[in-house]
Structures are given as C-alpha cells and as structure tokens.
Undergrad: 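Sharing a structure, written as structure tokens. Questions coming.
Just the heavy atoms: all of them, side chains too, but no hydrogens, waters or symmetry mates, feed the values below. Here the structure is a predicted model, which is why all the values come from computation and not from measurement.
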Amino acid sequence: MQRVGETIQLAMLDGRDVVYLAKEETTAPIRLASSPGMRFPAHATALGKALLSQFERLQLEELYRDAELTALTPNTVRSFDHLWEQLQQVKARGTACEQQEAVEGFCCVAAPVFNHGNRMIAAVSFTMLAASWHDKQQAATEEIADLARRRFLSGRM
C-alpha cells in the first residue's frame, strides 16, 4: 500500500458474490465504503473477475444459470459472453481490472491468490479513484500481482 498509495482489499468467492475479508485503507480523503463481511456481485468487480477466472465455461454457465448480470453502473458488464471474454483476458494476464463497473468514480486491479496446492483461494486488489487510474494503473498492476504471488505468507497484506 505504501508503494502505490491506494486501498488494498482481500476477498473470497461465495457463489456469485465476492465477500470482503480484509481492507487496508489509504489516507486519501475520499474512500470506498467497503468493509470485511460486505458482499458484492463478482461480475462487477476486479476481485470477482480474478476469482471467476478459475472456472471453465461450463462451470461458469452453471454458476450463472438463471441469473441476470445486474448493472451497478453504466459500465458494468451485462452479458455472459462479454464476461467470459473478460475472464479469458484475466487468465492470460494474471490480473483483472474494472473501471467504474462496481462504483462510479472508482477503478480496481486484482490478482488471484493461490494456496500451496495451487488452488485459487482468494484475491487481492488495489482500489483507487478513477482520476488516479491512468497514472497508477501500471504500478498498481505490478504490485498487486507481486503481492498475490507472495500468498500472504508473512501474515500481512
């Protein structure tokens, strides 16, 4: 967090929702209102997209069978096929991004966290104001990928 200067969050997947587990806030005067225990639709968040990227298409179709992709902002992905395309990009890059899909004015980059058996167990993210995104996206992406690779072995975010 000190290197990028933005809020870090840790979450896990529960069905079609992201459940926030931990958060370390930036000192910026404008902050995202999230806290441990909060739930958010996975399709609308970078954390969720990082976590959903573990599924094959048939598994994802089963998970979203009879479910509508709720639009939280005008930028939220609304079609299953578009979500699948985004998840393929996440798999290729190893990180997920969302620009004002969950909350207008905020952007996020996330990376999956794997356990010692190489099973995806959580995801970690940087969340920042859209105004900071252009300048910080590259550094945030590199830092969050590095943090996720460390698997929280030190016990700290």
Side-chain angles (χ1 to χ4, degrees), residues 4 6-26 30-134 136-137 140-141 143-145 147-149 151-152 157:
V4 178
E6 298 295 345
T7 297
I8 295 178
Q9 298 187 99
L10 174 70
M12 61 180 274
L13 189 64
D14 183 23
R16 293 186 298 260
D17 290 336
V18 166
V19 178
Y20 293 94
L21 302 173
K23 179 180 180 180
E24 190 169 339
E25 293 243 28
T26 181
I30 299 174
R31 299 179 187 166
L32 183 63
S34 66
S35 59
M38 253 180 100
R39 300 174 77 84
F40 230 81
H43 74 277
T45 68
L47 284 163
K49 290 175 187 184
L51 291 161
L52 291 171
S53 72
Q54 69 186 296
F55 297 120
E56 297 299 325
R57 185 170 177 111
L58 289 176
Q59 294 172 301
L60 197 68
E61 286 173 352
E62 180 64 24
L63 182 64
Y64 280 93
R65 183 175 29 140
D66 302 325
E68 186 176 318
L69 298 182
T70 307
L72 303 178
T73 75
N75 298 323
T76 307
V77 63
R78 291 184 192 99
S79 85
F80 180 86
D81 287 334
H82 189 209
L83 175 62
W84 178 250
E85 288 172 19
Q86 289 181 350
L87 297 179
Q88 296 315 293
Q89 293 171 2
V90 172
K91 286 180 186 181
R93 285 191 314 256
T95 58
C97 295
E98 62 97 349
Q99 297 180 46
Q100 304 184 69
E101 289 186 59
V103 178
E104 286 190 69
F106 287 90
C107 296
C108 193
V109 60
V113 175
F114 296 87
N115 68 10
H116 64 281
N118 207 32
R119 184 174 151 257
M120 191 182 298
I121 57 169
V124 62
S125 71
F126 274 118
T127 302
M128 66 194 74
L129 289 171
S132 302
W133 182 248
H134 178 71
K136 293 187 174 184
Q137 179 183 4
T141 300
E143 288 293 329
I144 210 67
L147 181 61
R149 276 191 297 273
R151 300 181 183 148
F152 301 96
M157 275 206 270

Undergrad: Report yes if some heavy atom in the side chain of M38 is under 4.5 Å from a heavy atom in the side chain of Q9; otherwise report no.
TA: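 M38 vs Q9: side chains apart.
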Undergrad: So, the side chain of R16 versus the backbone of L63: is there a donor-acceptor pair under 3.5 Å, distance only?
TA: yes
Undergrad: Counting distance only, does the side-chain N/O of Q100 pair as donor-acceptor with the main-chain N or O of G105 below 3.5 Å?
TA: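 Yes: the side chain of Q100 pairs with the backbone of G105.
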Undergrad: If you define the side chain from C-beta out and look only at heavy atoms, does anything of K136 sit under 4.5 Å from F126?
TA: no
Undergrad: Answer whether the closest heavy-atom distance between the side chains of M12 and L21 falls below 4.5 Å.
TA: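 Result yes, sub-4.5 Å side-chain heavy-atom pair found.
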Undergrad: With sequence neighbours excluded, tell me which residues meet salt bridge (Lys or Arg N to Asp or Glu O under 4.0 Å) with R57.
TA: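 Checked R57 against salt bridge (Lys or Arg N to Asp or Glu O under 4.0 Å); matches are E61, D81.
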Undergrad: Is there a side-chain contact between T76 and L69, using heavy atoms and a 4.5 Å cut-off?
TA: no
Undergrad: Does any part of the side chain of L87, heavy atoms only, come nearer than 4.5 Å to the side chain of F55, both counted from C-beta?
TA: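 Result no, sub-4.5 Å side-chain heavy-atom pair not found.
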Undergrad: To check you understand the geometry: which heavy-atom pair defines the closest contact between A50 and M120, and what is its length?
TA: O-SD, 3.4 Å
Undergrad: Short question: side chain of Q88, backbone of E85 - any donor-acceptor pair under 3.5 Å?
TA: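 No, the answer is negative, given that no donor and acceptor are paired below the 3.5 Å cut-off.
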Undergrad: Does any N or O in the side chain of T73 come within less than 3.5 Å of the main-chain N or O of N75, such that one atom is a donor and the other an acceptor?
TA: yes
Undergrad: Looking at Q89, H43, E98, E101, which hits side-chain hydrogen bond (donor to acceptor under 3.5 Å, both in side chains) with K49?
TA: E101
